[in-house]
Q: 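First the structure, then my questions, so here it is.
One-based numbering along the sequence shown. No hydrogens, no waters, no symmetry mates; every other heavy atom, side chains included, goes into these values. Treat the numbers as computed from the prediction; the structure is a model and nothing was measured.
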Amino acid sequence: MTGSWGWDLLIGIGAALLVAWLAMIGALAVVRPRGNLLREALRLLPDVLRLVRRLAADPALPRGVRVRLALLLGYLALPLDLVPDFIPVLGYADDAIIVTAVLRSVVRRAGLQAVRRHWPGTDDGFAALARLTGLDGDSRSGLARRREADGRTDQQGS
């Protein structure tokens with residue numbers, strides 16, 4: 001392109017980083033909470049951060065869940081975000097979306113009751129968190145739901 005391999009390499013790396021960033025923004029758009037849930041997620045962020053720290057320190061939770069939570073805390077502690085925080089509303093939206101996605105996976109794996117035990121906020125805040133995770137009516141762990149579904153399938157097949 002430019003005739004200098006150094007500049008070509010730099011342009012290539014810059015283009016790859018831009019494409020990766022755009023892909024990450026696209027992924028955030030896909031997993032974002034719908035409707036007013038994003039606004040609720042932003043409002044709950046301080047309580048959710050305390051919740052994530054408490055859950056990550058709970059040895060009763062599966063190791064995979066605690067690792068996800070520790071990685072989430074590391075991401076939130078980094079000064080660089082996918083969308084810079086100085087951009088109004090959108091700057092914190094990426095944090096809220098990522099936290100919501102991780103909490104959905106935690107609730108599916110550990111169950112809503114495990115999250116409830118560590119919730120530092122109000123009951124209304126917990127109800128909003130349950131709506132955000134999409135599992136407000138089912139407090140069983142993902143493993144319990146799968147076992148029950150397998151049991152139903154076996155019984156129906158007999």
Q: For residues 60-70, please give each side-chain donor-acceptor pair under 3.5 Å, one per line with the distance, not counting sequence neighbours.
A:
unit_1, atom_1, unit_2, atom_2, d
R66, NH1, P59, O, 3.3
R68, NH1, S105, OG, 3.0

Q: Heavy atoms only: give me the nearest L73-A56 pair and the separation to one decimal.
A: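 It is CD1-CB, 4.2 Å.
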Q: Kindly write out the residues that satisfy side-chain contact (heavy atoms from CB on, under 4.5 Å) with R116, not counting sequence neighbours, or none if the list is empty.
A: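 Result, side-chain contact (heavy atoms from CB on, under 4.5 Å) vs R116: Q113, W119, D123, F126.
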Q: Determine whether T100 and V48 make a side-chain contact, defined as any pair of heavy atoms from C-beta on separated by less than 4.5 Å.
A: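 No, too far: nothing below the 4.5 Å cut-off.
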Q: Return the set of residues passing salt bridge (charged side-chain N to carboxylate O under 4.0 Å, His left out) with R53 (not counting sequence neighbours), or none when no residue passes.
A: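 So R53 forms no salt bridge (charged side-chain N to carboxylate O under 4.0 Å, His left out) with any residue.
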Q: L51 versus L103: any side-chain heavy-atom pair under 4.5 Å?
A: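 Yes, their side chains come closer than 4.5 Å.
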Q: Are W5 and I13 linked, directly or through intermediate hydrophobic residues, by side-chain heavy-atom contacts shorter than 4.5 Å (ILVMFWY only)?
A: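 Yes, one cluster joins them.
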Q: State, to 0.1 Å, how close A130 and L112 come at their nearest heavy-atom pair, and which atoms those are.
A: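 Taking A130 first and L112 second, the nearest heavy atoms are CB-CD2, 4.2 Å.
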Q: Could you measure the distance from the CD1 atom of I98 to the CG atom of L71? Nearest 0.5 Å is fine.
A: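 Here the rounded value is 12.0 Å.
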Q: Under a 4.5 Å side-chain heavy-atom rule over Ile, Leu, Val, Met, Phe, Trp and Tyr, are L9 and L17 clustered together?
A: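 The answer is yes; both residues are in one hydrophobic cluster.
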